[in-house]
Student: 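I am attaching a structure below and will ask some questions about it afterwards.
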Amino acid sequence: TTEIYTLSLHDALPISNLLRELVEFRHSLPEFLQVDFDMEPFKITRLKCNIYTEYFNGINLAVRRLVYHFSHLFLKNWLSSGQQIPEFIRLDDYSENTIFLVKSSLNSSINTIQSLWSMYEQGQLAIFGYMDREYIFTAASTLVLLSATFGLHDQVNSYLEKGLDRKSVV
C-alpha cells in the first residue's frame, strides 16, 4: 500500500512539463476568459468559475500523488522522531520542478475555493449539483494536507475556513 506514496524524480518531470504547458494554455486564453485571482475584492462569473475550477481540479489531480508522497514522508518522519511538535518539510532541498508542482497545487486549491466562495456570495453556488461541492472538498482536502505537511497554516487558514464552511458545502 505504500507504493502509491512513493514517487521518484523521474515521475515528477513529465507532470511538471504538462503543468507548464497548461499554464501557457491558460495565459493564451482570450482576454474575456482571463481572471486576476489577486484582485480584491475577488469576483468571478459563473462561466469563468466553471472553466477555472475544471482547470484547477485537473492540476490537483495531476499533482495529488506528489502531495500524498510528502504527506506520507512528513507523518513517517514525525512518528519516528518521537517529538510532540512536528518538523515541517522544507522544499529548499528539492528540485525546481518539485517546488513548481507543490506551488501549483497550492495555488489551484486556493483559487478553487476563492472562485466557489465568490459563487456562494453571488448566490450562484450549485448547492444541489455535484461538481461545486466536489471541487470545494478536493481543494480543501488538498489544503489540509499541504498545510499540515509544509506548515502553511497562516497562508491557507482563511481559505480553509471558507472551504469548510458548512454553507459552502451544503
Side-chain angles (χ1 to χ4, degrees), residues 4 7 11-71 91 94 96-170:
I4 193 169
L7 188 73
D11 296 329
L13 188 57
I15 297 169
S16 179
N17 291 339
L18 173 68
L19 289 192
R20 289 181 197 284
E21 288 179 29
L22 280 173
V23 169
E24 286 178 29
F25 167 76
R26 176 181 166 204
H27 293 299
S28 72
L29 289 173
E31 184 62 34
F32 77 94
L33 291 177
Q34 296 294 334
V35 174
D36 178 4
F37 287 95
D38 295 324
M39 174 181 52
E40 288 193 27
F42 180 77
K43 192 170 181 179
I44 192 169
T45 65
R46 183 76 240 190
L47 171 66
K48 291 177 185 180
C49 182
N50 289 350
I51 292 169
Y52 281 99
T53 52
E54 277 292 329
Y55 172 81
F56 292 133
N57 192 53
I59 290 173
N60 275 337
L61 288 172
V63 181
R64 181 173 286 167
R65 189 168 165 211
L66 181 65
V67 172
Y68 287 164
H69 165 75
F70 279 117
S71 297
L91 289 173
Y94 290 92
E96 180 185 316
N97 286 328
T98 301
I99 294 168
F100 170 72
L101 292 172
V102 171
K103 284 184 177 182
S104 293
S105 184
L106 174 67
N107 290 331
S108 292
S109 298
I110 287 171
N111 291 340
T112 296
I113 290 172
Q114 184 171 272
S115 297
L116 291 166
W117 188 258
S118 177
M119 290 294 94
Y120 169 74
E121 290 177 330
Q122 297 174 55
Q124 295 183 29
L125 188 67
I127 294 173
F128 299 107
Y130 170 76
M131 295 314 296
D132 282 0
R133 290 181 291 155
E134 176 65 21
Y135 292 148
I136 291 169
F137 177 78
T138 301
S141 300
T142 302
L143 284 182
V144 166
L145 290 173
L146 291 169
S147 180
T149 302
F150 298 105
L152 304 173
H153 312 305
D154 292 339
Q155 186 176 353
V156 303
N157 277 351
S158 66
Y159 299 102
L160 273 175
E161 286 175 17
K162 290 177 180 176
L164 299 174
D165 187 290
R166 66 181 170 83
K167 295 176 291 211
S168 68
V169 292
V170 175

Student: Can you see which heavy atom on K48 is nearest to which on Q34, and at what distance?
Tutor: NZ-O, 3.4 Å

Student: Are side-chain heavy atoms of I15 and N97 found at a separation under 4.5 Å?
Tutor: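 Side chain of I15 against side chain of N97, heavy atoms only: no contact under 4.5 Å found.
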
Student: Do the side chain of Q122 and the main chain of I44 share a donor and acceptor less than 3.5 angstrom apart?
Tutor: yes

Student: Once you round to the nearest 0.5 Å, how far does CG of L116 lie from CD1 of I136?
Tutor: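 One finds 4.5 Å between CG of L116 and CD1 of I136.
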
Student: Going from CD1 on I113 to OH on Y120, what distance comes out if it is rounded to the nearest 0.5 angstrom?
Tutor: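 The distance works out to 15.0 Å.
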
Student: Mind telling me whether F42 and F37 have parallel, tilted or perpendicular rings, with 30° and 60° as the class edges?
Tutor: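 Taking F42 first and then F37, their aromatic rings lie parallel (interplane angle under 30°).
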
Student: Can you confirm whether Y55 sits close enough to V23 that some side-chain heavy atom of one is under 4.5 Å from a side-chain heavy atom of the other?
Tutor: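 Result yes, sub-4.5 Å side-chain heavy-atom pair found.
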
Student: Taking the side chain as every heavy atom from C-beta outward, state whether I59 and N107 have any pair of such atoms under 4.5 Å apart.
Tutor: no

Student: I need the minimum non-hydrogen distance between K43 and S118, along with the two atoms involved.
Tutor: CA-OG, 3.4 Å

Student: So, for T53 and S115, which heavy atoms are closest and what is the spacing to 0.1 Å?
Tutor: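 That would be CG2-CB, 4.5 Å.
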
Student: Give, for atom CG of L47 and atom CG of L33, the distance between the pair rounded to the nearest 0.5 Å.
Tutor: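 So the gap between those two atoms works out to 6.0 Å.
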
Student: Do N50 and R46 have side-chain N/O donor and acceptor atoms under 3.5 Å apart?
Tutor: yes

Student: Looking at S105, is its backbone amide N or carbonyl O close enough to the side chain of S108 to form a donor-acceptor pair, meaning the two atoms are under 3.5 Å apart?
Tutor: no

Student: Mind checking the OG1-CZ spacing from T142 to F56? Nearest 0.5 Å is all I need.
Tutor: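 T142 OG1 to F56 CZ: 13.0 Å, rounded to 0.5 Å.
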
Student: Okay, side chain of D132, backbone of L125: is any donor-acceptor separation there less than 3.5 Å?
Tutor: no

Student: Do L145 and Y68 come close enough that some side-chain heavy atom pair is under 4.5 Å?
Tutor: yes

Student: How far does OG of S109 sit from OH of Y135, to the nearest 0.5 angstrom?
Tutor: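 Between S109 OG and Y135 OH, I get 13.0 Å after rounding to 0.5 Å.
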
Student: Between R26 and V35, which heavy-atom pair has the shortest distance, and what is it?
Tutor: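 The answer is NH2-O, 3.7 Å.
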
Student: For Q155 and L106, work out which heavy atoms get closest and say how close.
Tutor: NE2-CD2, 3.5 Å

Student: Between E134 and T138, is any side-chain donor less than 3.5 angstrom from a side-chain acceptor?
Tutor: yes

Student: Within a radius of less than 6.0 Å around CG of D154, do more than 12 heavy atoms belonging to other residues, nucleotides or ligands occur?
Tutor: no

Student: Using side chain to side chain contact (heavy atoms under 4.5 Å, CB included), reason through Y52 and L29 one step at a time and then give a plain yes or no.
Tutor: CA-CA 11 Å; Y52 281 99; L29 289 173; 3.8 Å; yes

Student: Is there a side-chain contact between L91 and K103 (heavy atoms, below 4.5 Å)?
Tutor: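 Counting from C-beta outward, L91 and K103 never come under 4.5 Å.
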
Student: Please determine, by modelled atom types, if N57 and T112 share a side-chain donor-acceptor pair under 3.5 angstrom.
Tutor: no

Student: To the nearest 0.5 angstrom, please state how far the CZ atom of F25 sits from the OG atom of S28.
Tutor: 6.0 Å

Student: Is there a donor-acceptor contact under 3.5 Å from the side chain of Q114 to the main chain of Y159?
Tutor: no

